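Input: a single structure, listed below in structure tokens.
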Number of protein chains: 2
Amino acid sequence: MTRRSYGQYCGLAHALDLVGERWTLLVVRDLALGPKRFSDVLAGLPGLGTSLLSDRLRQLENNGLVERALADRAVGVVYRLTEDGEQLATALGPLTVWGAAKLADEPAPDEWRPEWLAFVLTSTFRHDQAAGIDDCYEFRLGDANLFVIVADGTITVSEDKRREPDLVATLDLPTLAAIGSGNMSVHEAINSGKARFEGDPDAGARAMQVFGS
Amino acid sequence: MTRRSYGQYCGLAHALDLVGERWTLLVVRDLALGPKRFSDVLAGLPGLGTSLLSDRLRQLENNGLVERALADRAVGVVYRLTEDGEQLATALGPLTVWGAAKLADEPAPDEWRPEWLAFVLTSTFRHDQAAGIDDCYEFRLGDANLFVIVADGTITVSEDKRREPDLVATLDLPTLAAIGSGNMSVHEAINSGKARFEGDPDAGARAMQVFGS
DNA sequence: CCGCATCCGCGTTGATACTG
DNA sequence: CAGTATCAACGCGGATGCGG
């Protein structure tokens, strides 16, 4: 009887039985942005050891949330979410947005990575508002950049400039967290000087549409 | 530097820093159904010790998610969610529904409590569809009953019969989990004999409206 | 170097006993 | 009823080692 379970016939308790252990949901979050190899997941989660990541990935695999796949361009395997895993990632959206709202009260930390903010962008993304939109938005956060590509009703977030952006937003971390969580509107951010938007004004309107501000 | 933190500037990581420890989210779930005293929360969470519950409640209080209040009818205090705590509980809805969908694959356990299913009902409840509806639905699950009262766009779940039900549904746990998670439609459940609905047909239609099947 | 297992020290948790 | 105190057992983080 190792592997503790709450043993309650409840949706939340069962979800936590499956993915409630330390690091597990952050692994899901990272894989939600795209398939990754073992060492890339590890690098994105400071403090997590190789043994534990190995355990977590196996649990996720056994529960049908993650699968191994052959890497595209190189040897080795990558881990990627299954359909069930994608649904889990989607279900984490509101919790992520809630956390981002609390986060916005706090100052930016010493160390951070742009990918950590990518997930909240996908969480506030409204699939139903994105039909027919085909844009690229660049977010400039200090010396790091995030490129958000909206196409075919889907969102992709990347640190690489795969496409010329239609809109460039310059802001700091707490402001992005506040906007992403709905705590602050884009208008407020611009008027208070906390954010600057440049580029196609129509693209700006479309961005506000799909991100629901 | 006790009290482990992920230390990532990410909505999900921050949410888990605040409420990601063992038992914490289940305490929030239980309080989401209404204010409770220490011993009632404890009784609803087998396996949780008094020390840990004490710790968790203090953490939730320090984070502004729970507050102590004077009990209505008796001496002593009750714990109840703050506005922030309510928002957290709402944000747990999709995760709860996801877990309920996975739960529906499994057989009903030996021991269970009706309140454990109450939360998934509130999670699938659509506030925006409930305007003008004033109903009571009874769910019969073996020898336990759940009474759902929909009024003024809000939902209340209770084990006590506070009101004459307009609709009585008889089904088993996995079926309720499957319906609650959207895995099974009410029509399917009825046609396959897994659920039986009796009472006002109009109330049945309204129930399906607010629970989104 | 990548993926993973094994071992160890320590913080967290679970269970019981005890107190206001 | 509402906790605190105590302690054993477990989970986690870090380091090391081993086979591709």
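Here is the naming used below: chain letters follow the sequence lines, and residue numbers restart at 1 for every chain. The analysis underlying the following values was restricted to heavy atoms, covering all of them including side chains, and did not include hydrogens, waters or symmetry mates. Being a predicted model, the structure only gives us computed values, none of them experimental.
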inquiry  = Under the salt bridge (charged side-chain N to carboxylate O under 4.0 Å, His left out) test against A/R80, which residue among A/E61, A/E86, A/E67 passes?
reply    = A/E67
ask   = Between B/R56 (CZ) and D/dA2 (C1'), how many Å, whole number?
value = 18 Å
task = Provide, to the nearest angstrom, the distance between the CG atom belonging to B/L42 and the P atom belonging to C/dT16.
result = 12 Å
key: Whole-Å distance separating the CG atom of B/D55 from the P atom of C/dG11   = 15 Å
query = When all nucleic acid strands are considered with a 4.0 Å heavy-atom cut-off, which category describes B/G47: base, sugar-phosphate, or nothing?
reply = sugar-phosphate
request  = Would you tell me if any nitrogen or oxygen in the side chain of B/Y79 comes within less than 4.0 Å of OP1 or OP2 on D/dG3?
outcome  = yes
task = Find out whether B/R162 and B/F147 are in side-chain contact, i.e. whether some heavy atom of one side chain is under 4.5 Å from a heavy atom of the other.
result = no
task = State whether B/R37 places a side-chain N or O below 4.0 Å from either non-bridging phosphate oxygen (OP1 or OP2) of D/dG3.
result = no
ask   = How close or far is atom C1' of D/dT4 from atom CG of B/L53, stated in whole angstroms?
value = 13 Å
ask   = Please give, in whole Å, the distance from D/dG3 P to B/R58 CZ?
value = 9 Å
ask   = Hey, does the side chain of B/R22 come within less than 4.0 Å of C/dG14's phosphate (OP1/OP2), counting only N and O?
value = yes
query = To the side chain of A/R4, which of D/dG3, D/dG13, C/dG14 is closest?
reply = C/dG14
ask   = Can you tell me if the side-chain N/O atoms of B/R68 get under 4.0 Å from OP1 or OP2 in D/dG3?
value = yes
task = When you get a sec, tell me which of C/dC4, D/dC10, D/dG3 is the closest nucleotide to the side chain of A/F38?
result = C/dC4
message = Looking at B/K36, I'd like to know if its NZ atom is crowded, meaning that more than 12 non-hydrogen atoms belonging to other residues, nucleotides or ligands lie closer than 6.0 Å.
response = yes
ask   = Rounded to the Å, how far apart are B/L48 CG and D/dA2 P?
value = 15 Å
ask   = Under the 3.5 angstrom rule, does the side chain of A/D17 hit a backbone N or O of A/Y6 as a donor-acceptor pair?
value = yes
request  = Return the value, rounded to whole Å, for the distance between atom CD of A/Q59 and atom P of C/dA5.
outcome  = 12 Å
ask   = Side chain of A/S51, base of D/dA15: donor and acceptor closer than 3.5 Å?
value = yes
message = Output the rounded distance in Å from NZ (B/K36) to P (D/dC1).
response = 15 Å
message = Let's test your reading of the model: under 3.5 Å, does the base of C/dC4 pair with the side chain of A/T50 as donor and acceptor?
response = yes
ask   = Is any side-chain heavy atom of B/P114 less than 4.5 Å from a side-chain heavy atom of B/V157?
value = no
note = Winner on side-chain proximity to A/S54, out of D/dC12, D/dG3, C/dA5, is C/dA5
query = Nearest to the side chain of A/L52 - C/dA5, D/dG13, C/dT13?
reply = D/dG13
inquiry  = When you measure from the side-chain N and O atoms of B/W23 to the phosphate of C/dG14, is any distance below 4.0 Å, counting only OP1 and OP2?
reply    = yes
